[in-house]
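In each ligand, atom 1 is the first atom listed, and ligand 1 is the first ligand listed.
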Amino acid sequence: MTNGVTRLAPSPTGSLHLGNVRTFLINWALARQRGWRILVRIEDLDAPRVRSGAASQLLAMLSWLGIDHDDHPVCQSSDLEPYRRAMLTLAGRGLAYHCALTRSEIQQAASAPHQGQQELRFPPNLRPAASTQPLEFARHDVNYRFVVPDESIRIEDQVAGLRSFSPFDEVGDFVVWTKLGVPSYQLAVVVDDARQGVTDVVRGDDLLPSAARRTLLYRALNLPAPRWWHVPLVLGSDGRRLAKRQADTRVEIYRRAGVPPQRIIGLLAFWCGAAKKRCEMSADEFRERFQLDTLSRSPVTFTQDDHAWLVQLK
Ligand code: GLU
């Protein structure tokens, strides 16, 4: 397969953990096996969470691991104009409106979240009546929400299979532009993937519901949607997904402790079904051995044995 384009899209909010790196490695191997071009996009629009120095640290980490890319990395914050244009299109089509409600006002109007549901759903009755609310994108310092239709969205995922979501029930009218003067994550990635010609998006399956939200935005903006490859996450022994705040799963900690990149890749290969047991291997060997068919469709758990093997404890 040729002419494919994918991207590694890290957020510079902390240092990479084993789960992040596993997703990047799978993304990279799929791309190199299929001849896709690999772009790097630093997703730095969430300014309060961005950590200075994190972007260069994570680029250095990828190259230490042997995960290369094509073209120069780009930062989302370097040019906001394409996102503003997308907002003008949405507003012009009557699909985005300005919303000054606070989180607690929305919370009061919303019903209690379902069990396990962390997101706050924006209740449909808070959407302004079209006649009283001029739909324009004139102010950049307020939140704008996207008009989410009440319908079910099917995602045909190359890894997770056919899945259905209802953004209307899950999240309601979500924010596409924030009062900090920047697009929300959902809008930014849609605009970027389209303008960078991304054909294949590979990422953790915690983002599967967001693929449905993005599908609505692609439709509203008349842009082609990419193919999706959502891979299962890596969980800690507590059953929760690894997080950048958990120091002991950061690859940087292992690197500083003298663990070679081949041992990290070898553990990831074991987790991905590309090795029968933990062993050392280079990224290039991983690329040769990795097959989507042998990738487990359920989450992987990072165990004490994995840690002990990485640091070679007896
Ligand atoms: N920047 C996002 C993250 O680090 C990834 C977004 C995406 O791959 O679409 O979670």
Side-chain angles (χ1 to χ4, degrees), residues 4-31 36-51 54-59 61-62 67 69 73-78 83 86 118-119 155 157-160 163 165 167 171 174-176 178 182-218 221 223-235 240-246 249-252 299:
V5 179
T6 191
R7 71 335 188 249
L8 309 178
S11 304
T13 53
S15 72
L16 298 173
H17 58 63
L18 289 163
N20 301 135
V21 167
R22 174 173 170 271
T23 305
F24 287 140
L25 185 67
I26 295 172
N27 194 351
W28 174 83
L30 283 170
W36 303 338
R37 207 148 59 83
I38 304 177
L39 311 177
V40 171
R41 186 168 74 225
I42 307 291
E43 305 211 318
D44 61 346
L45 290 175
D46 189 2
R49 292 184 58 230
V50 167
R51 263 200 19 220
S56 51
Q57 199 194 29
L58 59 88
L59 289 173
M61 178 59 71
L62 292 178
I67 300 177
H69 55 89
V74 293
C75 290
Q76 288 182 316
S77 62
S78 63
Y83 313 121
Q118 289 152 6
E119 273 179 311
I155 298 293
D157 193 275
Q158 306 296 313
V159 185
R163 304 285 294 268
F165 296 91
V171 68
F174 55 84
V175 173
V176 277
T178 82
V182 290
S184 72
Y185 158 74
Q186 302 290 357
L187 180 70
V189 285
V190 162
V191 170
D192 287 333
D193 282 342
R195 72 180 161 137
Q196 293 186 295
V198 170
T199 57
D200 292 88
V201 169
V202 183
R203 52 190 195 164
D205 66 7
D206 54 327
L207 289 170
L208 249 168
S210 118
R213 295 167 205 178
R214 289 182 51 173
T215 301
L216 294 172
L217 289 174
Y218 284 115
L221 291 165
L223 296 171
R227 258 183 318 190
W228 305 107
W229 311 66
H230 286 92
V231 301
L233 295 184
V234 179
L235 308 179
R240 294 173 59 195
R241 68 195 180 106
L242 300 189
K244 288 174 181 165
R245 67 191 137 70
Q246 291 164 307
T249 68
R250 288 187 203 148
V251 182
E252 183 59 25

Pair D46-S11, side-chain donor/acceptor within less than 3.5 Å: no
Show the atoms of ligand 1 that are less than 4.0 angstrom away from any heavy atom in E43. 1 (N), 2 (C), 5 (C), 6 (C)
Determine whether a donor-acceptor pair (N or O, by modelled atom type, separation under 3.5 Å) exists between the side chain of D44 and the backbone of Q76. yes
Would you tell me whether S184 and R213 have side-chain atoms, one donor and one acceptor, within less than 3.5 Å of each other? no
R41 and Q196 side chains, donor-acceptor separation under 3.5 Å: yes
R195 atom CZ: more than 12 heavy-atom contacts under 6.0 Å: yes
Quick one: which ligand 1 atoms are inside 4.0 Å of a heavy atom on Y185? 6 (C), 7 (C), 9 (O)
Which ligand 1 atoms does R203 reach within 4.0 Å, using its non-hydrogen atoms? 7 (C), 8 (O), 9 (O)
Any nitrogen or oxygen of L207, main chain or side chain, under 3.5 Å from a nitrogen or oxygen of ligand 1? no
Against ligand 1, does R7 come closer than 4.0 Å with any heavy atom? yes
